[in-house]
Amino acid sequence: MQKPNRRELKVLREFAGTPEPWERFAGAGDSTLKSLLEAGWICENTDLNYPAEYYEITPAGESAAYQ
């Protein structure tokens with residue numbers, strides 16, 4: 001299993017268990033977003049109570065953040 005780099009790890013650990021806007025993660029750019037999505041550690045929001053442009057951590061992301 002691939003391990004997150006320092007920036008990815010920081011982002012994963014900042015998720016609060018609810019969908020978050022990408023702008024919340026200061027210093028993390030488009031390449032970090034892309035790598036987190038490709039790794040399956042985050043996904044686009046599926047909760048109808050949040051805007052579509054929010055992201056949520058996946059179970060794989062939770063595991064990667066605290067391995």
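Heavy atoms only: backbone and side chains are in, while hydrogens, waters and symmetry mates are out.
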Side-chain touch Ile57/Leu36, heavy atoms, less than 4.5 angstrom: no

Could you list the donor-acceptor pairs under 3.5 angstrom formed by side chains in residues 6-13, with sequence neighbours left out?
residue, atom, partner, partner atom, Å
Arg7, NH1, Gly27, O, 3.0
Glu8, OE1, Asn5, N, 2.8
Glu8, OE2, Ser35, OG, 2.6
Lys10, NZ, Glu14, OE2, 3.0
Arg13, NE, Ala65, O, 2.7
Arg13, NH2, Ala65, O, 2.9

Other ILVMFWY residues reachable from Tyr50 by side-chain steps of under 4.5 Å: Tyr54

Non-neighbouring partners of Asp30 that pass side chain to side chain donor-acceptor pair (under 3.5 Å), sequence neighbours left out: none

Nearest-0.5 Å distance that lies between atom CD1 in Ile42 and atom CG in Leu37: 4.5 Å

Partners meeting side-chain contact (heavy atoms from CB on, under 4.5 Å) with Glu53 (sequence neighbours left out): Pro51

For Trp41 against Ala64, the heavy-atom pair lying closest together: NE1-CB, 3.5 Å

For Glu56, salt bridge (charged side-chain N to carboxylate O under 4.0 Å, His left out) partners two or more places apart: none

Minimum heavy-atom distance between Gly40 and Ala60, given as atom pair plus value: O-CB, 3.9 Å

Ring pair (Phe, Tyr, Trp, His ring centres under 6.0 Å) partners of Phe15, counting only residues at least two apart: Phe25

